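Given the structure is predicted, the values throughout are model-derived calculations rather than measurements. Below, chains carry the letters A, B, ... as their sequence lines are ordered, and counting in each starts from 1.
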2 protein chains.
Amino acid sequence: MTTIYEVAKKARTTSGTVSRALNNKGYVAEETKRKIERVAKRLNYTPHFLARSLRTKKTDIIAVIIPNIANPIYPEIIRGIQDKAHELGYQVLISNSDALPEREIELLTIFSQKRVDGIFLGTGEGAENKKIREKIKKLSEAGIKLVVGGFIKDKLPTDSLSIDNFQGAYEVTKHLLNLGHNKIGFISGPKNARVAQERQKGYRAALLNHNILYHDGLVAYGNFQQESGYTLGKDFLQREKAPSAIFAANDVMAIGVILAAEELGRRIPEEVAIAGFDDITWASIIRPRLTTVSQPKYEVGSLAAEMLIQRINEENNRTFQRIILKPKVVIRESTLNQEKK
Amino acid sequence: MTTIYEVAKKARTTSGTVSRALNNKGYVAEETKRKIERVAKRLNYTPHFLARSLRTKKTDIIAVIIPNIANPIYPEIIRGIQDKAHELGYQVLISNSDALPEREIELLTIFSQKRVDGIFLGTGEGAENKKIREKIKKLSEAGIKLVVGGFIKDKLPTDSLSIDNFQGAYEVTKHLLNLGHNKIGFISGPKNARVAQERQKGYRAALLNHNILYHDGLVAYGNFQQESGYTLGKDFLQREKAPSAIFAANDVMAIGVILAAEELGRRIPEEVAIAGFDDITWASIIRPRLTTVSQPKYEVGSLAAEMLIQRINEENNRTFQRIILKPKVVIRESTLNQEKK
DNA sequence: CTGTTAGCGCATTCAG
DNA sequence: CTGAATGCGCTAACAG
């Protein structure tokens with residue numbers, strides 16, 4: 001590796017001047033600057049990232065912690081983060097927590113050891129977990145730049161963003177109710193997953209609003225995987241008094257329900273209407289196309305990266321942003337069968 | 001931030017000893033060691049990653065360059081890479097090249113500036129591009145640890161792995177021929193994409209093997225996106241003498257073809273058989289389920305990470321591995337409609 | 001077994 | 001405008 005000293009030597013000057021010249025900082029005569037640039041190029045000089053970082057205390061790297069990159073809602077979010085980050089000169093480190101609080105904490109610890117400039121925590125159950133809240137507080141106090149995505153409970157000392165899960169669920173449920181369904185099954189996520197809880201609350205509130213009794217027997221708890229949607233959906237459909245509509249807390253499970261309905265020979269939406277949440281790519285490819293709640297994934301990612309990097313670039317701002325994005329219900333054939341052209 | 005010096009001071013010793021104690025290196029008395037550990041814990045000491053890296057010349061980070069994380073074949077590969085990397089103590093930096101050679105080169109340059117210990121290049125057209133080949137050679141000579149995935153043309157001075165694209169395509173095509181199709185449309189990828197070229201060769205070889213004339217008119221060039229599969233598939237199907245089978249160079253385009261067929265009211269596979277390549281998750285969810293060529297994505301990622309990290313941990317080994325994995329044809333309803341239970 | 005010393009490569013003082 | 005000196009925090013080599 002060629003160092004700044006070698007460049008300085010060949011250019012008959014010193015490291016300080018080379019540094020200033022190459023970084024366009026401070027004064028340096030046009031002529032010496034040109035000379036230095038020529039020599040640097042000839043020697044194929046490239047600054048040593050680590051050394052520079054050690055000095056400047058900036059790595060130009062942000063870390064992203066998400067439950068699982070293989071979960072179809074994340075790639076697009078990640079792409080949004082990456083594009084914005086690259087645009088602003090940052091690289092992106094990505095790790096999976098599998099939504100395990102211990103793992104999230106472990107990763108937060110690793111990344112806060114001065115290897116990255118900031119961290120985006122796309123939390124699983126996340127902020128709902130006490131240990132994680134404490135960890136976040138601690139990091140924030142230690143000056144670690146952090147943005148939390150997903151569900152945010154308290155006024156944590158971080159910037160955060162999430163979509164309005166309650167509202168989204170409320171609205172799809174209302175859509176189903178308006179179609180005349182009064183027995184709607186809900187397939188939730190893991191009991192401790194805050195996102196699922198919120199969606200469940202939205203579902204419940206909509207029922208209430210329509211004067212329909214909330215009934216525990218119509219709520220099943222899955223794990224956000226297709227298999228669980230399939231199993232629980234099948235169970236719902238095989239009951240003596242099966243619900244006429246099923247709303248799953250995410251699209252992946254909703255697709256499982258569609259497969260179950262198909263297997264049982266139930267027509268969708270005539271015999272059973274099905275709705276999901278997320279609007280993953282495949283929601284509009286599967287047949288029937290899936291009614292769901294759409295969140296602008298790419299934009300969420302992009303916005304998250306922007307918030308984080310902005311936070312990185314300012315000192316001691318103790319007012320935190322809390323952005324809650326409005327979701328949008330997308331009505332498709334799985335609840336309403338009518339061609340619109 | 002608390003440094004090693006503060007720990008040393010409180011423990012009434014010096015930085016060297018603290019370093020040895022905390023890293024379990026060299027000799028250090030049990031007692032002093034315990035003391036140091038206690039103090040370190042009390043002060044909440046955590047080593048400064050950059051400083052350590054500058055000294056040891058290791059970052060414990062690997063970089064991954066892929067065309068696009070939002071392309072459904074990548075998340076699983078990435079997950080394989082991440083899991084293996086984490087297991088071995090590495091973090092993973094991920095960037096998208098959008099299969100643009102200039103972008104690949106740019107990213108290779110950035111990452112080789114001592115910010116990562118090694119690079120996995122999951123190339124788009126990649127090794128087929130002269131500039132990239134040169135770049136790879138240069139980096140290899142400079143001692144940068146590199147593993148290239150995807151299609152590999154020459155005996156480049158790097159480890160590499162890819163699946164046998166030719167073989168996979170050959171076999172699905174043979175499958176179609178054996179079903180009696182003798183007019184098989186092929187939807188390729190971009191003309192400069194080596195992967196697509198190889199798959200096309202496999203298609204062609206299978207035809208030849210069955211004494212069927214290869215016909216340019218039966219080959220269309222897409223861009224690996226669903227939309228192009230849809231458009232080109234529709235075009236094939238609306239011809240006066242439409243092919244009775246269509247083989248697309250990847251699943252995403254094949255799904256586009258399925259949608260086109262559906263829209264035109266053609267029954268699959270009775271009126272048109274459809275096959276893809278990759279076996280993405282959705283290939284088995286879409287109806288009809290898609291016949292395709294399966295590659296063990298998670299394992300590919302895991303293996304790639306393993307190769308790279310092994311390479312990182314050895315000095316000056318100038319013999320390079322070239323692994324070519326065997327793909328497997330998965331027959332589903334889109335070509336062969338029969339229930340098997 | 002432990003303390004001292006040096007230096008990784010750079011950016012930033014501070015004199016001049 | 002430029003050179004010299006300093007130190008970011010750590011580990012490794014060496015002397016004791």
Practice item. Identify, between T14(B) and A51(B), the residue whose nearest nucleotide on DNA chain C lies closer to the 5' end. Key: T14(B)

Check your understanding: So which nucleotide from dT2(C), dT12(C), dC10(D) ends up closest to the side chain of R20(B)?
Key -> dT2(C)

Revision key, fill the gap. To the nearest angstrom, the CG-C1' distance between L22(A) and dT12(C) comes to 16 Å

Review point. Can you tell me how far C1' of dC10(D) sits from CG of D60(B), to the nearest Å?
Key: 14 Å

Exercise for review: Examine distances only and state if a side-chain atom of S53(B) and a backbone atom of F49(B) form a donor-acceptor pair shorter than 3.5 Å.
Suggested key: yes

Practice item. By nearest nucleotide on DNA chain C, pick out whichever of E30(B) and K25(A) is the more 5' one. Key: E30(B)

Exercise for review: Give one of base, sugar-phosphate or nothing for S15(B), where a contact means two heavy atoms less than 4.0 Å apart.
Suggested key: base

Check your understanding: Atom CG of N23(A) and atom P of dT13(C): how far apart are they, to the nearest Å?
Key -> 14 Å

Review point. Reckon S53(B) touches a base, only the sugar-phosphate, or nothing at all at heavy-atom distances under 4.0 Å?
Key: nothing

Review point. Does the pair K10(A)/E6(A) count as a salt bridge with the N-to-O cut at 4.0 Å?
Key: no

Review point. Which nucleotide, dG3(C), dT2(C), dC10(D), lies nearest any side-chain atom of Y27(B)?
Key: dT2(C)

Point to revise | Atom pair distance, as rounded to whole Å: NZ in K9(A) and P in dT2(D) | key: 21 Å

Exercise for review: Answer yes or no: does a side-chain N or O of Y45(A) lie under 4.0 Å from OP1 or OP2 of dC10(C)?
Suggested key: yes

Review point. Could you state the CG-P distance from N24(B) to dC1(C), rounded to the nearest angstrom?
Key: 13 Å

Practice item. Starting at atom CZ of R12(A), determine the distance to atom P of dA4(D), rounded to an integer number of angstrom. Key: 14 Å

**Study point:** Along DNA chain D (nearest heavy atom to each residue), the more 5'-positioned of G16(B) and K33(A)
**Key:** K33(A)

**Study point:** side chain to side chain contact (heavy atoms under 4.5 Å, CB included) assessment of I62(A) paired with K145(A)
**Key:** CA-CA 10 Å; I62(A) 60 175; K145(A) 308 305 173 82; over 6 Å; no

Exercise for review: Looking only at side-chain atoms of K57(B), point me to the closest of dG9(C), dG3(D), dC10(D).
Suggested key: dG9(C)

Review point. Base, sugar-phosphate, or nothing for T3(A), non-hydrogen atoms under 4.0 angstrom?
Key: sugar-phosphate

Point to revise | Selection from dT2(D), dA11(C), dG3(D) that lies nearest to any side-chain heavy atom of R55(A) | key: dA11(C)

Study note, to complete from the structure: Nearest heavy-atom contact between K57(B) and D117(B) is O-OD1, 4.4 Å

Practice item. For the side chain of S19(A), starting at C-beta, report the closest nucleotide among dC10(D), dG3(D), dA11(C). Key: dA11(C)

**Study point:** Minimum-distance nucleotide (side-chain atoms of T56(A) versus dC10(D), dA11(C), dT2(C))
**Key:** dA11(C)

Point to revise | dG9(C) phosphate, OP1 or OP2, under 4.0 Å from R52(A) side-chain N/O | key: no

Check your understanding: Do the charged groups of E106(B) and R103(B) touch, with an N to O distance under 4.0 Å?
Key -> yes

**Study point:** Donor on one side chain, acceptor on other, K137(B) and T158(B), under 3.5 Å
**Key:** no

Review point. Nearest to the side chain of T17(B) - dG3(C), dT2(D), dA5(D)?
Key: dG3(C)

**Study point:** Distance, rounded to the nearest Å, where R34(A) contributes CZ and dC1(D) contributes P
**Key:** 13 Å

Revision key, fill the gap. Whole-Å distance, I4(A) CD1 to dA11(C) C1', equals 8 Å

